[in-house]
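For reference, the structure I am asking about is given below.
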Amino acid sequence: MARYSRTEGTIALITLSNPPVNALGAAVRRTITDIMHRALTDGEVKAVVLCGENGTFCAGADIREFGKPPSGPALVPLIHDMEASEKPVVAAIEGVALGGGLEIALGCHYRIAHAKARLGFPEVMLGLIPGAGGSQRLPRLIGIPAALELITTGRLVSAQEALKLGIVDQVVDGNTIETAVKFALNVIGRPLLSRRLSERTPAFSVDAAAVLEEGMARVKQRARGAFAPVVCVQALRAAATLPYSRGMETEEQLINTLIDSSQARALQYCFFAQRNARKWSLPSGARWNNSKPRAVHRVGVVGLGTMGRGITVSLVKAGISVVAVEMEEKQMDLGMRAVLGMLERDAQRRGDTRPPTHLLTFTLSLQQLGNVDLVIEAVFEDMALKKCLFTELCNVCKPSTLLCTNTSGLDVDALAVVTHRRSLVVGMHFFAPANVMKLLEVVCGPHSSAEAVATAMTLGKRLGKVGVVVGNCPGFVGNRMMKLYLDQAYFLLEEGAAPEQVDQVLEEFGFTMGIFKVSDLSGLDVGWRVRKASGLIGPDVNPKTPSRWRQGCRYSPLPDLLCEQGHLGQKSGRGWYLYETPGGKEPKPDPAMHRFLQEYRSRYGLTPRHVHAHEVIERCTYAMANEGFRILEEGIAARAEDIDVIYVFGYGWPRHRGGPMFHAAQVGLATVLQRLEHYHQLHPDVPHLQPSPLLQRLVEAGSPPVHHWREHVQHLHSYL
Ligand code: CAA
Ligand code: NAI
């Protein structure tokens with residue numbers, strides 16, 4: 001847990017040892033408290049160096065202990081005793097010093113960091129504030145504005161930035177511990193008063209008051225209903241206005257308001273869900289830790305439209321050579337300029353002189369893909385076109401090349417079977433804009449090999465994506481659930497709501513953007529094309545079929561009507577909202593849309609009613625979760641956590657609400673079931689509101705916690 005040794009005669013070396021990240025579990029806290037006491041009371045010890053094993057100082061509290069009854073000694077008295085000591089204590093920071101780890105370092109009198117170290121207070125990402133003096137010591141060290149930015153965002157800083165800010169005293173390229181020991185020998189006997197941060201008064205000027213006020217306004221606007229960032233500002237206000245001891249009392253009171261909150265639970269659930277998503281397995285027994293990925297040096301991207309451009313930028317930024325293929329010159333020219341522009345802007349942002357354009361080849365010839373290791377196809381969402389392309393790719397590419405499709409919902413198996421290398425075909429479903437959005441669904445069909453899945457997941461990781469392995473079905477996980485979410489939103493408009501009203505409720509719930517704003521941003525024609533291809537609209541529909549009825553259930557033609565009028569969203573200047581010009585970004589409620597909805601309702605004899613905010617949330621989020629249960633039952637997602645990761649990283653679901661499945665668990669599965677039954681009774685023509693069998697069984701089983709749900713799946717379909 002922690003080791004004690006003596007070096008250079010008078011220096012006590014305390015080494016934290018709790019792999020993989022030296023988290024401060026109860027046993028670690030107990031051990032360091034004991035050995036620090038021993039070092040501080042041993043007359044032969046003149047100074048102490050604190051470091052971590054295996055190149056990591058400390059990643060803070062053991063997050064697995066949150067939510068359990070407290071045990072072991074607290075950090076605050078340990079940090080206090082260390083700081084109060086007359087012997088200098090030096091922190092030797094390698095790897096990371098995060099959360100409680102940085103709080104310990106701030107209690108040391110000096111801090112030496114390795115050049116590659118990162119430091120920060122990520123507590124806000126876990127629904128907390130730094131609660132062991134961090135919110136009181138950091139502003140005393142670096143001032144209110146800088147502390148405010150770091151603590152409210154959870155941003156980690158490099159050792160170099162930490163040095164500039166004054167968080168560390170020295171940055172070293174070589175051996176950090178040896179340097180810290182020499183440093184400690186040098187400072188023995190020097191006065192320590194000015195090194196004790198708790199003794200300092202943060203410079204509190206009128207400016208700091210304004211900074212805090214502005215900070216609070218900014219944080220409230222960005223927090224989308226999350227409490228922790230707001231509480232962080234309150235803790236900083238205490239640091240700025242109160243003596244240290246009273247500030248510490250306030251910090252304790254504030255963290256107590258958060259520690260058992262539902263938001264903290266949700267954020268901590270997200271932390272582990274994101275990490276567990278990497279741990280995929282297939283029915284064959286192949287797993288993330290027994291399957292070898294192939295090396296990928298050169299990638300082909302086919303189609304340089306919206307998605308192909310973002311994918312190309314992501315690959316090049318990760319240092320991977322790309323051969324980008326278009327079918328026509330004009331698109332190639334547009335695509336090339338867009339890619340180069342994005343790379344140029346990115347290089348400028350990072351202060352690089354030249355973007356890595358040497359990694360790029362643009363061509364109109366598929367033949368140039370002969371030597372690539374992997375292809376990502378991003379042509380139009382058209383099965384016939386994609387099949388043709390995959391057949392051609394088989395002839396052009398070397399036999400070992402992996403063939404991946406970025407389809408947003410077409411059958412990946414149907415593509416695999418047209419090739420002679422079915423095992424090397426997987427979906428790599430990126431999200432727009434692909435160079436920004438973190439999510440990558442890796443779609444695995446029955447033929448996909450473990451090697452192909454491992455390669456796609458590893459490539460995703462190199463691109464900085466959060467990969468989730470999912471099974472093959474229309475829309476996979478994300479878009480399959482999204483369809484039902486959209487349907488509910490359209491039905492709410494038919495029943496009396498306005499787009500901006502639905503969006504406002506969803507944004508107050510915490511979504512990055514309301515569903516209608518998202519739809520305008522993506523372009524209404526995307527879904528229109530899919531509905532045409534799946535026979536919901538167009539010549540295949542029997543003319544006698546009522547407009548609001550398709551394939552045996554309720555259907556809303558509202559988005560089709562907008563598309564027919566050329567209202568495609570931002571790109572055409574009009575969609576669910578009005579924009580100043582085509583391509584405009586600022587949505588304004590559109591009086592013409594309100595008239596259009598009124599006419600539509602009277603045409604179909606629909607009496608508008610007031611739609612309450614809670615109905616918007618319940619119908620949208622419970623419909624999604626209900627489909628999530630079906631997805632679990634079918635084995636399209638391996639875990640409820642994976643579904644939640646997909647929604648948090650790909651669809652702007654508020655992280656502090658965990659994801660649609662976790663949210664359902666927090667609301668209470670019995671409540672969700674009862675509300676779905678209620679809505680299904682009101683809307684019997686919407687089969688997806690009928691509670692799924694898995695949800696019903698879970699309620700009968702007493703609503704077990706999320707990670708036990710899989711045990712209740714009856715006939716595991718075994719995609720995953
Ligand atoms: N507690 C428990 N487990 C942790 C942990 C922590 N603080 N930090 C990381 N882990 C675990 C991860 O779950 C993962 O476990 P598995 O291998 O079983 O999945 C393993 O350590 C490795 O973590 P990563 O996969 O994330 O490895 P990485 O190299 O990509 O990143 C890291 C390392 C930067 C430390 C990252 O894990 C991280 O950011 N950790 C969280 C740090 C944090 O939020 N600390 C603040 C805690 S709150 C606090 O400290 C308050 C207080 O004391 C009062
Ligand atoms: P897009 O219409 O913007 O671009 C498609 C590009 O492919 C065009 O530039 C076209 O010229 C090119 N192309 C068509 N046939 C080709 C061929 N045979 N060879 C070379 N190039 C060819 O389409 P977008 O939006 O980029 O979508 C591409 C794929 O990504 C689709 O399958 C879509 O469903 C999927 N997708 C789209 C998302 C989005 O938000 N737009 C999100 C996730 C996936």
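Start at 1 and go down the list; that is how both ligands and their atoms are numbered.
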Among P122, A132, G60, closest by heavy atom to atom 43 (C) of ligand 1 is P122

for atom 22 (C) of ligand 1, nearest protein heavy atom and its distance come out as P20 CG, 4.2 Å

Among all protein non-hydrogen atoms, which one is nearest to atom 9 (O) of ligand 2, and what is the separation to 0.1 Å? E326 OE2, 2.5 Å

Strictly inside 4.0 angstrom of atom 27 (O) of ligand 1, do you find any protein heavy atom? no

Using the ring of each side chain (for Trp, its six-membered ring), is Y651 parallel, tilted or perpendicular to Y647, with breaks at 30° and 60°? parallel

Of V21, N18, N22, the residue with the heavy atom nearest atom 10 (N) of ligand 1 is V21

Against ligand 2, does F431 come closer than 4.0 Å with any heavy atom? no

Heavy atom of protein inside 4.0 Å of atom 15 (O) of ligand 1, strictly below: no

If you measure every N or O of H429 against every N or O of ligand 2, does any of those distances drop under 3.5 Å? no

Nearest-contact summary for atom 20 (C) of ligand 2 - protein heavy atom, Å: M327 N, 3.4 Å

Any chance you could measure R265, atom CZ, to F662, atom CZ, to the nearest 0.5 Å? 8.0 Å

Can you confirm whether some protein heavy atom lies under 4.0 Å from atom 32 (C) of ligand 1, or whether none does? no

Measuring from non-hydrogen atoms of A378 to any atom of ligand 2, is the shortest distance under 4.0 Å? yes

Identify, by atom number and element, the atoms of ligand 2 in contact range of A432, meaning under 4.0 Å from any of its heavy atoms. 40 (O)

Can you tell me if K386 has a non-hydrogen atom under 4.0 Å from ligand 2? yes

Answer yes or no for N406: is there a heavy-atom contact with ligand 2 below 4.0 Å? yes

